[in-house]
Structures are given as C-alpha cells and as structure tokens.
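Input: a single structure, listed below in structure tokens.
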Amino acid sequence: MRLYFEVARRSFQRHLTYRVATLAGLFTNAVFGIFFSSVYRAFYQDGERGVVADFTLPEILTFVWIGQSLLMLVYLWNWWEVADSIRTGDVVSDLMKPMDFQLYWLSRDLGRASCHWLTRFVPTFAMGALLFDLAWPGTISTWLAFFISVNLAILVSFGWRFLLNLSAFWLLDVRGINTIAVLVLNFFSGLLVPIAFFPGWLRTVAEWLPFRAIVMVPVEVFLGQRTPQSALLIQAFWVVALRLLGQVVLNAAVRKLVVQGG
Amino acid sequence: MITARGLSKSYWVARHRRGALGAMRSLVDRSGREVRAVRDISFDVAAGEIVGYVGPNGAGKSTTIKMLTGILVPTAGEATVAGYVPWNQRKSLASKIGVVFGQRTQLWWDLPLIESLELLRFVYRVPVDRFQANLTEMRSLLDLDPFLETPVRQLSLGQRMRGDLAAAVLHEPPLLYLDEPTIGLDVVAKARVREFLARINRERGVTILLTTHDLADVEHLCRRMIIIDRGRLLYDGSVEALRQRHGSHRTLVVDLEAGATIDGFVRDGVELVRADGPRRWLRFDREAVSAASLISSVVARAPVVDVAIEEPAIEDIIRGIYEGGLRAEPAVSE
C-alpha cells in the first residue's frame, strides 16, 4: 500500500506545480458560475417564481456553484493520461512493473483530486458563496455526507475515465470518443441542467446511467433532497461496477497487447 | 541468463479497405496479411556478457526485446530469462530485469528527477539501506547531482537518459535490456552512456543486451554481436571477426577545389567509387592503406578543400553478408 500512497503524494505534488492553469481555471469557473447564476435568476424572476421542479432560487444557485466547483475535482472532461501513455508506448514500462496497473492510476487520480480539493473546489465554492445567496445545509452530518459523496463521485468518475482511456488500446485516435463523452457527461451528470428538470422518460434514462453519481447525487445530498444512505448505495454500486468492468477490459487490452504488440 | 530457442513472432495485419462500405466489409471479412517480425531466432547470453543486438530499422530488434521482457508472447519458440519464462511470469521477472527504451521514459515529466527515482524503492520493495547505497553510487557514476532536483521536462536528452539509466538499475537487476540507448544523443552524452554501461558490467557483473543501429556503441562495448535483418538471424559471433570479414573498408570523401581533378589517380587497395561535382569517394582497405597516407597522396595530386572518412554503416555490412563479400558493392550509401 505504501507504493500507492507514494504515487498519490507525487501526483498531488505534480498538480500543485500548475499554478497558471489553476488561476485560468478558477477564472473560467467564476465566469460560467456568474453566467449561469444570472440566467437562473432571470428565470426565477429573482425568486418570485418560488419552486421549480423542487428547486428554489437559492437551491438552484447552489447547484450551479457546486457544479462549477466539482468540474475539475471529478475531472469531468478531457482526461487522457492513460491513453497518452498507450499512444506513446510509455505504458509498457508501467505494465512491466510489479504493481496493479489500475490501482496505480487510481492513486495518481486521488493525489490529483486531493490537490484539486484545495486549489479548485474550495476557492470556486467560496466565490459562489460570497457573490450569491446559497442554500446551506442545516447540520454537520449533511456536510459530512456531502464530503463522502464527493469522494465517491471522484471514484465513479475515475472508473469511467479509466474505461474510456483503455479504448486507446484499440483506437488510433480518441478524439471522436472524447467529443461524445463530453456531450454525454455534460448532460447526464446533471452539470448543465438538474436531472429533475428533464422530461420524465429522459429522467429515467439518466437514472440508469452512472453519470448522475458524479455531479447530481452530491448536489442532492448537499441540498437534503436525497438521503445519504441512498446516495451511498448508488455511488458505491457504480464504484464497484466500474472498477470490475475496468479490470475486465484491462485484461482484454493486455491480452491484445501481448499477442498483437499493440 | 538468456536462452532463446526458435523465437518467432508474426502479426496479422488486417486489410484496410477504403470508405465506409469498405470499413464495414473489414468487420466481417478478416482477410489480411501476416507480417513475420521475428523468425526462428535462437541464441544464448551468459551471465556477465554484453551483447550487441544489431540491425536496421524494422529488423525485429524491439520485438525480440519485448518478448524477452514478457510484454509480448511469441507465436512460436521458447525462452527463459533469469530462470523465468518471460511471458508467463512477467511480474516475477520484473525485479530481475532493468529496461531502458531510448525513445521513451519512465520518469515523471513534471517532477524533480529524484522523485521518480525514490518511487522505485516502493515499486520494487528494495530495503531502504540497499536503495540509498545504490542511489548514492548512481549519483556519482552518472553525475546526477547537478539536476537531481530539476523537473524532468527541463532536462536535456542526455541528462534524461542518465536519469532513465539510473531508474533501470536501482533495484539491482542482474540483467539490463537497452533499446537504442544512445539514439539522438550527442557525442559526449553517448560516450558517457557507454562508459556507464561498461562500468556496471565490469563492477556489478550486470548482463547487458543492447539493441542499436549505431555500430560505434557495439565497438565500444561488446565483444559479441548478433545481427538480424527482416526478422532473421544473420550473424552471431565476435565483433572483431565480423569486421575482419566484412567491415575492413572505409571511404575517404574529398572535396576538391573548383576545377581541380584527381582523374587517373591509382593506388593499390584504393578505388574511386563515386564522383559528384567536386566531391570524390575513395574506398580503401584499412589493412592495406592508412588514412593519413591516402590523404597526403591525394593532397599531393590536387588542391583539396575538405576531407571526411566514413565508416561502413551497419546496412553496408549486412548487405555485405548477403552478398558474401563487399568488393562488388559501393561502400557509400546515400
């Protein structure tokens, strides 16, 4: 286990070095946060409209700012580090080492996420809280449940990204997959619009997909719309399912690599 | 240390058809062609040897190395490496071998070099005192201290290669594979890599299998070389014997002053093989004629602007093996 801790520590350290990228990212989060907040404010006629699909104005603004804060923490888009190492062939030296390949990349991602808790989540959420009237949980235990739920969201997101990355063993170019993945994630994670706003049939589709566990479920926990137990159940299911699926696909990929030479 | 018997690797390359319809047909119809990257190769490497594994691009060098590390399963043949069958016992073999791919790196790009090196202690579970002793030794052997704290992305290619070499040997593997370790390096950096390899071979008894297409690497390091081309083993024996047989010719390239000529220049063991503008290529037998005396006799005949001496390239030697001798073939290839 010490190895994986050391890997995570280095990954944390690595992501701390990207200072300019962090500042640029925070600026973008602020711009989009303020933009969406203004749109929802107009839509709710500054609160006079009351409740829309279970969301009051402060709740929908909280949804907007949690979404912006989570974006980088769960690394919703464009994470292709495993695929890059497959493309360059560096993956070979990782596969040759006496370690668990998926666990190695998970450790790297957790180190990165620890960094993004501090450099992306906290500042973005603080900006939202300063600029807008948000809906705050009443109890410490809700905060705790939210914290756990976000960490599970990171694991679900990793499981999904790891699978996507493994496609590079079969595809020469992952750009097409990336385009589709960004679209699907933006929509079905609930980042753009709360899933509660979807028409009935689409909501059913969203509920059967893993993506809501990445953004929507933690938001619902924060707002008290979902019990911690139900969130834990959904998220833990997807963590385990994606981890197992990742292992199956990885084994197939390694089998292909050792037979066909990649 | 290494035993390979009848090692072969073929790839199936699917036929590519044009257009969307063609792509759909390819899904059903799996016709294609077989590429035989390595064909029936056998050799042994004893503990403590340094063997040059040589051949032109695409000869099958990397494919062989990959099979011997276990990352590629052969189509046919057997091998044992340090007592293991590589492709069945890849993870057990991992701690017995070090691998350096010249065009790749196992170092963390954004972190100081030392971070990547220290991580290897946990990867290979090396006891801390052993690891520190090895690290101290590598720091002095490879002169790592000036850039130990520098992020790898800022290192020069030569520095990065020294870092990768250290990373490959910190867990004290008895066997080291190097795939083109000097590719892209300048003369000083190449010399440094060679000196390092010679030392760990001499002092630690590390067995080394080295692929390269730079004959100078082989000449500096190896007594024995294995030559392959198009997947087949062409030669396995001493470097010296091969040079005697096929590589005794060198080529003097002279640039004459405008209007000057050396037409009719005749000397035993020297042959004018090519002329292009003011440039002349003179092939000579290094046993019969010294470069110095040849240059002075050319200079005595015509004013010369520039001279250069070309060593035979591996491709030429291989061609020589095919033809059973070099005499009929021009030594300079463009």
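Each chain gets a letter, A, B and so on, in the order its sequence line appears, and its residues count up from 1. Since this is a predicted model, take the numbers as computed values, not measurements.
When atom types are taken as modelled, the side chain of Arg2(A) and the backbone of Phe122(B) share no donor-acceptor pair closer than 3.5 angstrom.
Closest non-hydrogen pair, Lys9(B) versus Val259(A), comes out as NZ-O, 2.5 Å. Minimum heavy-atom separation, Leu119(B) to Arg10(A): N-NH2, 3.5 Å. The shortest non-hydrogen separation linking Lys97(A) to Leu120(B) is CE-CD2, 3.8 Å.
Within 6.0 Å of CZ in Arg153(B) there are more than 12 heavy atoms belonging to other residues, nucleotides or ligands. Residue Arg232(B) places its CZ atom among 12 or fewer non-hydrogen atoms of other residues, nucleotides or ligands, all under 6.0 Å distant. Heavy atoms from other residues, nucleotides or ligands lying under 6.0 Å from CZ of Arg5(B) number more than 12. The number of heavy atoms from other shown groups lying within 6.0 Å of CD (Glu78(B)) does not exceed 12.
Contacts of Pro112(B) with chain A are made by side-chain atoms alone, with heavy-atom separations under 4.5 Å and no backbone atom involved. Val254(A) touches chain B through its side chain: at least one heavy atom from C-beta onward sits under 4.5 Å away, while N, CA, C and O do not. Using a 4.5 Å cut-off between heavy atoms, Tyr104(A) touches chain B through its side chain atoms alone. Glu118(B) touches chain A through backbone and side chain together, each having a heavy atom under 4.5 Å away. Neither the backbone nor the side chain of Phe5(A) comes within contact range of chain B; no heavy atoms are under 4.5 Å apart.
A heavy-atom distance below 4.5 Å is not found between the side chains of Val258(A) and Trp87(B). Residues Leu257(A) and Leu72(B) fail the side-chain proximity criterion, which asks for heavy atoms closer than 4.5 Å. Taking the side chain as every heavy atom from C-beta outward, Gln103(B) and Thr88(A) never approach each other to under 4.5 Å.
When Ala94(B), Ser92(B), Ser95(B) are compared by the number of non-hydrogen pairs under 4.5 Å with chain A, Ala94(B) comes out ahead. Interface check for chain A: of the options Thr105(B), Thr69(B), Leu111(B), Leu93(B), the most heavy-atom pairs under 4.5 Å are formed by Leu111(B). Taking Pro98(A), Ser85(A), Ser93(A) one by one and counting their heavy-atom pairs under 4.5 Å with chain B, the maximum is reached by Pro98(A). Ranked by heavy-atom pairs shorter than 4.5 Å toward chain B, the options His15(A), Gln13(A), Met99(A) are led by Gln13(A). The choice from Arg104(B), Lys66(B), Met67(B) that makes the most heavy-atom pairs within less than 4.5 Å of chain A is Arg104(B).
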Query - Chi angles and distances behind the side-chain contact (heavy atoms from CB on, under 4.5 Å) call for Arg90(B), Leu95(A) - result: CA-CA 9 Å; Arg90(B) 175 155 45 93; Leu95(A) 285 172; 4.2 Å; yes

Query - Full working for side-chain contact (heavy atoms from CB on, under 4.5 Å) between Tyr18(A) and Asp110(B) - result: CA-CA 9 Å; Tyr18(A) 303 142; Asp110(B) 298 306; 2.2 Å; yes

Report task. Could you walk me through whether Met96(A) and Val99(B) pass side-chain contact (heavy atoms from CB on, under 4.5 Å), step by step? Result -> CA-CA 9 Å; Met96(A) 258 169 354; Val99(B) 186; 3.8 Å; yes

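In this structure, the separation between NZ on Lys91(B) and CG on Asp100(A) is 7.0 Å, given to the nearest 0.5 Å.
Relative to the ring axis of Trp108(B), Arg108(A) places its NZ or CZ within 45° and under 6.0 Å from the centre.
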